[in-house]
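Take a look at the structure set out below.
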Amino acid sequence: MRKDDKWGGGPVEIEAEPATTSDEVKQGWLLKPENKENGGHNHERNIYGKKKKRRMMSKILGSLVSIRSLVVVGVAILVALIIVLVKIAQRNHHHLHSSSPHNYTTALHQALLFFNAQRSGKLPKDNNVSWRGDSCLTDGNSNTKTLVGGYYDAGDASKLSFPASFAMTMLSWSVIEYGVKYEALGELDHVKGIIKWGTDYLLNTFNSSAYSIANVVADVRGGDHDANSHDCWIRPEDIDHPRTGQECYNCPALAAEMASALASASIVFKYNIKYSQKLVHGADLLFKFATKQQGAKYAGGADPSSPLYNSTGFWDEFLWGGSWLYLATGNLSYLQLVTNPDLVGHERALWTDPDNRVLSWDNKHAGAFLLLSRLRLFLSYGYPYEQMLKKFHSQTEETMCSYLPVFSSFRRTKGGLIQLNHGRPKPLQYVVYAAFLAQLYSDYIDAISAPGWYCGPTFYSNVELRRFARTQIDYILGKNPRGISYVVGFSEHFPQQVHHRGASIPHNKIKHGCKGGLKWRNSRTPNPNTIVGAMVAGPDKHDNFQDVRFNYNYTEPSLVGNAGLVAALVALSSGTPAGIDKNSMFYAVPPLTSPPPPPPSPWIP
């Protein structure tokens, strides 16, 4: 039931009574809390039985022992209980190794440095990573200006447009929401520089000055001497052969993801008017390229863009890109596209698939739902957009419910890490995005002065979302059964054999080719170069972790993972002011004048 927020904010979806839950929510509701009513009756019966037994026992004991004896027995029991509790506390302390609260600000400073270590091309003087140098200065195609620059995706020398675009989008989103925090922490210029390094490269992967485009560059890799292969272990600085880009002529999901990156960055750089306009123009070209083939012949299947990062569908990138372009331009045609009710017919799994609760480089549903929910929470759209915006908001609420331990949507390890990828390797990249979304939605609710939200008939406080976000990030930073920080350089115990070519080969001016570097890949000694701030892939579903360089499922970092970590850390970091910037996101959105709804059908007797 939609009503004015009784806590003093704007209009928000508040379920006052279970009977008012919409049909859409009832049909799609997969999250069922425990039956507390039956448990309550059983609890009352147990209490009654225990009281009756205690009265009987007291009569028996009263006839057998004196009051003095009872006191002695009670003291003995109390001492024994204290001893047991102390031992349990010591054991938990030993296993969890949590001596003090984690410093999210310190971790944020370090996590941003990882992007400096991943830069390709001619490095700026203030890059501040001593073991990195200029690399791959001849990357490019004959029909493009240059493909020099950008970021290496992970522990190799590949430059992949899909994950890089998603990483830049998420960094931009975090700046738009928490720019004041970044500035207070002295990192605003740094993070904006990171984003611009990425978007400058993306602008070179297609003809961004044209009025239409025919292709985009999906990736730049090793060519005949594949520096991405695990059998070629070489520093990027030592790659001396030319590398060209793989061009794609039919990759709508990739193009829509790139459009999201440029559109979101245009909001970050809104005061740099010329550059912001360039980003918007590029985003518009990419989105037109992405959607021009969307018709009867295209069913939203996988892109043929890259063998390494290949989207499994298009409609989530469609929602994602269209939403960001609306926010970047204020052009209602984009909002009309993403709120078209026919979208449900295309995306049959939109409302029911649990995996759509998991934000990742391949699945943007949860992010797009929250972004569109922001419109509903802070702006009054009304007809004709309210119908779909309400659906998106309901999906966001269900996503938040699925993160809570009371629901069984996702399992957790014994150490408390949520298994968003169902126990498969590299779990942390999914966890950091869930933490970011949870903290962000909590801040959205705070911004309208509401104390929480509903999961079915049960009301949950915002505190639950913050608790979820903090416990997951704390696990990553060291509050886990192994007592290890999965962020390199944070705390005293962190991975030493990170799966990363540049970090694992000594920086001593000795050039090692593909085969010559294998001795460093296979070495069991710590990396000679510390890649500060890199979040590795993470533990397995049993909280186990192998600190071995050749097993990338445990020790490889990535752009995507660190972008989510940065976003979660800035959202969680304390400071003044706290919360989000409500208005920067809407700087390009003009005042809305909703048309009246259509008149009712004429009455026919």
Side-chain angles (χ1 to χ4, degrees), residues 113-114 116-120 129-136 151-160 163 219-241 243 307-309 424-429 482-562:
L113 281 176
F114 170 76
N116 295 35
Q118 294 301 103
R119 278 176 170 151
S120 176
V129 181
S130 61
W131 47 271
R132 281 302 322 280
D134 299 343
S135 61
C136 298
Y151 290 101
Y152 298 123
D153 174 62
D156 47 43
S158 296
K159 298 190 293 191
L160 308 177
D219 58 52
V220 177
R221 294 188 290 150
D224 294 335
H225 306 79
D226 191 354
N228 177 65
S229 169
H230 292 288
D231 292 327
C232 177
W233 203 258
I234 185 174
R235 297 177 70 243
E237 291 82 354
D238 294 336
I239 297 175
D240 56 7
H241 56 272
R243 308 195 311 168
L308 296 178
Y309 283 88
R424 291 188 287 268
K426 304 181 180 181
L428 297 188
Q429 61 177 300
R482 293 182 62 87
I484 182 174
S485 167
Y486 293 112
V487 177
V488 176
F490 187 87
S491 82
E492 297 180 357
H493 189 196
F494 55 84
Q496 302 294 313
Q497 297 186 39
V498 180
H499 182 96
H500 191 277
R501 287 158 176 75
S504 62
I505 300 175
H507 174 54
N508 54 12
K509 298 184 179 180
I510 299 176
K511 184 176 180 178
H512 300 278
C514 277
K515 301 302 180 183
L518 290 177
K519 64 180 180 181
W520 304 108
R521 183 198 71 178
N522 300 330
S523 170
R524 293 300 185 95
T525 60
N527 286 355
N529 307 307
T530 302
I531 183 165
V532 174
M535 183 183 76
V536 297
D540 62 21
K541 61 184 178 181
H542 303 295
D543 297 307
N544 296 321
F545 179 75
Q546 296 180 19
D547 190 5
V548 288
R549 189 174 299 108
F550 57 80
N551 195 333
Y552 54 87
N553 282 330
Y554 289 102
T555 57
E556 187 171 25
S558 68
L559 282 182
V560 166
N562 259 69

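In this text the structure is predicted, and so the values were computed from the model without any measurement.
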For residues 513-521, dump all side-chain donor-acceptor pairs below 3.5 Å to protein atoms at least two apart in sequence or in another chain.
unit_1	atom_1	unit_2	atom_2	d
Arg521	NH1	His230	O	2.5

Does any non-hydrogen side-chain atom of [Y] lie less than 4.5 Å from one of [X]?
X: Pro539; Y: Leu428; result: yes
X: Pro163; Y: Val560; result: yes
X: Tyr554; Y: Pro495; result: no
X: Val220; Y: Arg243; result: yes
X: Phe550; Y: His499; result: no
X: Gln118; Y: His500; result: yes
X: Arg549; Y: Ser523; result: yes
X: Asp219; Y: Ser158; result: no

Inter-residue atom distance [X].[atom1] - [Y].[atom2], 0.5 Å rounding:
X: Asp153; Y: Ser120; atom1: CG; atom2: OG; value: 12.0 Å
X: Ile234; Y: His512; atom1: CD1; atom2: NE2; value: 10.0 Å
X: Asn529; Y: Arg235; atom1: CG; atom2: CZ; value: 7.5 Å
X: Asp547; Y: His493; atom1: CG; atom2: NE2; value: 7.5 Å
X: Tyr151; Y: Lys159; atom1: OH; atom2: NZ; value: 12.0 Å
X: Thr525; Y: Gln496; atom1: OG1; atom2: CD; value: 10.5 Å

Please check this pair: side chain of [X] against backbone of [Y], looking for a donor-acceptor N/O pair closer than 3.5 Å.
X: Glu556; Y: Ala537; result: no
X: Arg524; Y: Gln497; result: no
X: Ser485; Y: Phe490; result: yes

Task: Any residue meeting side chain to side chain contact (heavy atoms under 4.5 Å, CB included) with Val129, in chain and number order, not counting sequence neighbours - done: Asn116, Ala117, Asn127, Trp131, Arg132
How far apart are the closest heavy atoms of [X] and [Y], and which atoms are they?
X: Phe545; Y: Gly538; value: CD1-O, 3.7 Å
X: Gly561; Y: Ser558; value: N-OG, 3.0 Å
X: Gly533; Y: Asn562; value: O-ND2, 2.8 Å
X: Asn553; Y: Lys426; value: OD1-CE, 3.5 Å
X: Val548; Y: Thr555; value: O-OG1, 3.0 Å

- [ ] Not counting sequence neighbours, which residues clear ring pair (Phe, Tyr, Trp, His ring centres under 6.0 Å) with Phe494? List them please.
- [x] none
